[in-house]
2 protein chains.
Amino acid sequence: MEIEETKQEWSGKRLELIETAGQLFADFGVNGVSIRDIAEKCGVNVAAVNYYFGSKENLCMETLRYVAWQVRCPLTKKILEDHTIDYNSKDVCREIIKGLVEERVQNYLSDKYPMWYSKLFLRSLVEPPLRFENVVFQNFIPELNALVEVLSRCAPRNSREKCMFWAFSILGEISFYVFAEPGIKIALNLTEKYPPAFLQQLQEHIISLILKGLELKEEKNLYES
Amino acid sequence: MEIEETKQEWSGKRLELIETAGQLFADFGVNGVSIRDIAEKCGVNVAAVNYYFGSKENLCMETLRYVAWQVRCPLTKKILEDHTIDYNSKDVCREIIKGLVEERVQNYLSDKYPMWYSKLFLRSLVEPPLRFENVVFQNFIPELNALVEVLSRCAPRNSREKCMFWAFSILGEISFYVFAEPGIKIALNLTEKYPPAFLQQLQEHIISLILKGLELKEEKNLYES
DNA sequence: TAATAAATGAAACAATCGTTTGAATTAAAT
DNA sequence: ATTTAATTCAAACGATTGTTTCATTTATTA
């Protein structure tokens, strides 16, 4: 119900302002976007921002809260709460890790959501006045810890420290394509969004990389030249 | 000699301004820093920026040119120009890849350079008015292509497309610790810079991850439980 | 030492920033 | 239909932005 209340606030002109502002914030940074830029692109008066949000900073935090909700990856916690999982089965562990990577590639890079959702979310780790907001502590750190816990269970021979590195590997591999998107697209001669076939290859690349690293790769592949 | 001329411009009050402005740009974004901020922190008059650089935008490009020079990774090209290398030797290939990763961990994350050098350099891939400057095309893309070429030679069984993914893996794994530094340090309870022991572990993690992925890992490790 | 160039400083420029005001308009409720 | 609330609008607020001016100081050269 708290969720329903939250979602109600994300409707109408208020939502339009969040979507417009968020996209601009993601591309140009909060300080690179003026309220007049937002108002013009959204087709509303400059006073609308202060009418709906009180201040630019409030709007800023709202855009962050919004995208953090949109791209959240709940699979990790769902796995941790499922006590029927047999982590002794390598097949099970493989599927779990495949799922973790897939969810993030899907939420961060595919056209399930606009790219600027994840781009703005990543900015919250970096840039004032976004960073150090509660939304970071309520999303990034818990999800990171959950990710480490799942990896620890799937690869018990690895220390918790090692699993932290693997968690950062998953996040880093994917995040790079988000935050460095403009440069990467130039390097790859892409004008539109990442093609689905490209994302499919990337997803398989990351899954294979993690599975090999955690010694969970199917044996047949280990020995083939 | 062109280099010498360039270096001469990086001295005195001019260099102090570049260093001061660059650090602020890296942390707060170009639009998040005013000329008065820079002047105050640098202990000079507000007119100094326009006296030495003509405009804020010129100063901005100069800071970028400066850090791109500082953190450049010339090892890749040096390898490509060395025609005595035997890429049939797995030992040689292993050492090459170790070197490539080490150079980047050293230049981007260690205390060889201030962290904001690499942070600002990464911003050039993302954020106007830094992005799409010539320095990106003259550094990021050539180094990326060189990296792909070296990986192709070391792992000839992988397609060029695959090697591109591996190159992005190396860059992504390391870059994540640069651009997401504030969030990561909170997650890891770090107040200072990344400890040398941590970077050593990270470096070994990435090298191992890439070598396993490219099937270059020493056989003894492949079979040990 | 005198003359010249380089560097610095206080003050102000127009432009833009986030924000506020209060009237005009639209929608909802009685 | 009338009242009330919600929304939109043009205009202006003071503060801050990047930049310029010009006098002053410092350093260099003749």
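Protein chains get the first letters and strands the later ones, always in sequence-line order, with residue 1 at the start of each. What's counted below: heavy atoms across the whole structure, side chains too, no hydrogens, waters or symmetry copies. Just so it is clear, the model here is predicted, and its values are computed rather than measured.
- If you measure from atom CD1 of Ile35(A) to atom C1' of dT16(D), you get 14 Å, rounded to the nearest angstrom.
- Residues satisfying the salt bridge (charged side-chain N to carboxylate O under 4.0 Å, His left out) criterion with Arg36(B), sequence neighbours excluded, are absent altogether.
- Phosphate proximity of dC17(C) to Ser34(A): present, with a side-chain N or O under 4.0 Å from OP1 or OP2.
- Nearest nucleotide to the Lys56(A) side chain, out of dT19(C), dA6(C), dG18(D): dT19(C).
- Nucleic acid contact class of Tyr52(B) (heavy atoms, under 4.0 Å, all strands): sugar-phosphate only.
- Test Leu122(A), Leu125(A), Val126(A) against Phe179(A) for side-chain contact (heavy atoms from CB on, under 4.5 Å) and you get one pass: Leu122(A).
- Atom pair Tyr51(B):OH and dT26(D):P shows a separation of 15 Å (rounding to whole Å applied).
- In terms of the salt bridge (charged side-chain N to carboxylate O under 4.0 Å, His left out) criterion, Glu95(A) has no residue partners (sequence neighbours excluded).
- One side chain, Tyr66(B) or Glu19(B), offers a donor N or O that lies under 3.5 Å from an acceptor on the other.
- Residue Arg36(B) contributes atom CZ, which lies 9 Å from atom C1' of dT19(D) at whole-angstrom precision.
- Listed in residue order, the members of residues 12-24 of chain B having a heavy atom less than 4.0 Å from DNA chain D come to none.
- Under the ring-ring contact (aromatic ring centres under 6.0 Å, His included) criterion, Trp166(A) pairs with His205(B), not counting sequence neighbours.
- Lys98(B) and Glu204(B) are not joined by a salt bridge, as no carboxylate oxygen comes within less than 4.0 angstrom of a charged side-chain nitrogen.
- Between Arg153(B) and Glu149(B) there is a salt bridge, since a side-chain N of the basic residue sits under 4.0 Å from a carboxylate O of the acidic one.
- Salt-bridge check for Arg14(A) with Glu62(A): passed, with a basic side-chain N closer than 4.0 Å to an acidic carboxylate O.
- As a whole-Å value, the separation of Ile38(A) CD1 from dT16(C) C1' is 15 Å.
- To the nearest angstrom, P of dA10(C) lies 13 Å from CD of Glu40(B).
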Tabulate below the donor-acceptor pairs under 3.5 Å that side-chain atoms of residues 192-199 of chain A make, not counting sequence neighbours, or state none.
from      : atom 1 : to        : atom 2 : distance (Å)
Lys193(A) : NZ     : Asp111(A) : OD2    : 3.2
Tyr194(A) : OH     : Tyr177(A) : O      : 2.7

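- As rounded to whole Å, 13 Å separates atom P of dC17(C) from atom CZ of Phe28(A).
- For Lys13(A), the salt bridge (charged side-chain N to carboxylate O under 4.0 Å, His left out) criterion is met by Glu16(A), not counting sequence neighbours.
- In this structure Asp82(A) satisfies the side-chain contact (heavy atoms from CB on, under 4.5 Å) test together with Thr84(A), Ile85(A), sequence neighbours excluded.
- DNA chain C forms stems at C:4-29 with D:2-27, each a run of 3 or more consecutive Watson-Crick or G-U wobble pairs whose two key distances fall under 3.5 Å.
- Side-chain contact between Tyr113(B) and Ser118(B): absent, with no pair of heavy atoms (C-beta onward) separated by less than 4.5 Å.
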Result block: side-chain N/O donor-acceptor pairs under 3.5 angstrom for residues 45-52 of chain B, not counting sequence neighbours:
from     : atom 1 : to       : atom 2 : distance (Å)
Asn45(B) : OD1    : Ala47(B) : N      : 2.9

>> I'd like to compare against my own output: the B/S/- annotation of nucleotides 24-29 of chain C with a strict under-4.0 Å heavy-atom distance to protein.
In response: ------
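- Residues forming a salt bridge (charged side-chain N to carboxylate O under 4.0 Å, His left out) with Lys185(B) (at least two apart in sequence, or on another chain): Glu181(B).
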> When every nucleotide of nucleotides 20-25 of chain D is labelled 5' to 3' by its protein contacts under 4.0 Å (heavy atoms), B for base, S for sugar-phosphate only, - for none, what sequence of letters results?
Replying inline: BB----
